[in-house]
Amino acid sequence: MNLGSLKPFFEPHLLSEIDRFGIVKQVKKGDILIDIGEQIQFIPLIIEGAVKVLREDASGDEILLYFVDFGNTCAMTLNCCMENTPSEIRAVCEADTSLIMIPATYMDSWLAKYKSWRIFIFDNFQGRLNELLKAVDSLTFLKLDERLERYINEKAELQKNKKLNITHLEIATDLNSSRVVISRLLKKMEKDGLLLLGRNTIQILN
DNA sequence: ACATTAAGTGATT
DNA sequence: AATCACTTAATGT
């Protein structure tokens, strides 16, 4: 197992346990990792790629909460793991992603045994909580055009690429708006010289 | 050539 | 800011 990239995070003993009990999994873009209502059996550790975490309302509309990328895991999942409750969120792969699935049963013993695991879990809670706060005030305080701008920049940063392959419809569902509105806002941004639009692509200028 | 999907636009609420 | 109704353009079969 290629654990080199995790070395800075965990102490050697823990690394070898991860090596022994973790299951490496490759998932493709669009795959659903965890769905709402599912019981969590594994803690996913992201090695490469990114996952988006979203919530769904009663009428089936989705709303994006945050992204999880390398070296992180989903705090909502951790929570569900410990409490043994069903998932409150859906996790969908943003891009082709590789991750290590760690059986949830190790959570407890590792927390007791390994300082680096405790730190890791804590940092993740903190990180996700901040992301969640960002999502909340984005929803309540920002207008749609500002949210859209933030969304695009975040996405570009995530995949380290100023040219996004995404449709207006995908953006609309992530921000839970409608395609027409997104198209218009993007068009305005293009006129303002912020972007270059194409079919399935958005190129960010600066 | 035809169907499908993405994006652009005016009018209306 | 959302929805409708329609157009135009790009892509797949």
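The sequence lines fix the lettering, A, B, ..., with proteins before strands; numbering per chain opens at 1.
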- Task: Quickly work out the A:Lys191 NZ to B:dG8 C1' distance and round it to whole Å.
- Result: 10 Å
- Assess the pair A:Phe10 and A:Phe120: is the distance between their ring centroids shorter than 6.0 Å? yes
- Query: Can you find an N or O donor on one side and an acceptor on the other, under 3.5 Å apart, linking the side chain of A:Arg179 with the base of B:dA6?
  - Reply: no
- Query: Just to confirm, is there a sub-4.0 Å distance from OP1 or OP2 of B:dT5 to any side-chain nitrogen or oxygen of A:His168?
  - Reply: no
- Message: Over 60° means perpendicular and under 30° means parallel, so tell me whether A:Tyr151 and A:Phe67 are parallel, tilted or perpendicular.
- Response: tilted
- Message: Tell me whether the side-chain N/O atoms of A:Ser177 come closer than 4.0 Å to OP1 or OP2 in C:dA2.
- Response: yes
- Query: Among B:dG10, C:dA2, B:dA7, which is the nearest nucleotide to the side chain of A:Arg184?
  - Reply: B:dG10
- Could you tell me the separation between the CZ atom of A:Arg147 and the C1' atom of C:dA1, rounded to a whole number of Å? 11 Å
- Could you check how far CG of A:Asp61 sits from C1' of C:dA1, rounded to whole Å? 15 Å
- Message: Side chain of A:Val180 only, heavy atoms from C-beta on: which candidate in B:dA11, C:dA1, C:dA5 is closest?
- Response: C:dA5
- Message: Looking at A:Asp174 and A:Lys52, is any side-chain nitrogen of the basic one under 4.0 Å from a carboxylate oxygen of the acidic one?
- Response: yes
- Task: Counting heavy atoms from C-beta on, name the nucleotide in C:dA1, B:dA6, B:dG8 closest to the side chain of A:Thr167.
- Result: B:dA6
- Classify the angle between the aromatic ring planes of A:Phe9 and A:Phe70 as parallel (below 30°), tilted (30 to 60°) or perpendicular (above 60°). perpendicular
- Query: Expressed in angstrom and rounded to an integer, what is the separation of A:Leu169 atom CG from C:dA2 atom C1'?
  - Reply: 15 Å
- Message: Output the rounded distance in Å from NZ (A:Lys187) to P (C:dA9).
- Response: 12 Å
- Item | A:Leu185 CG - B:dG8 C1' separation (whole Å) | 13 Å
- A:Ile171 atom CD1 is separated from B:dA6 atom C1', nearest whole Å, by 12 Å
- Taking the side chain of A:Arg199 as its heavy atoms from C-beta onward, which of B:dT5, C:dA1, B:dG8 lies nearest to it? B:dT5
- Calculate the interatomic distance between A:Asp145 atom CG and C:dA2 atom C1'; express it in whole Å. 15 Å
- Given the rule in the salt bridge (charged side-chain N to carboxylate O under 4.0 Å, His left out) test, do A:Glu190 and A:Lys187 qualify, once you have shown the distances and angles that lead to the verdict? CA-CA 5 Å; A:Glu190 188 182 38; A:Lys187 201 78 211 154; 2.8 Å; yes
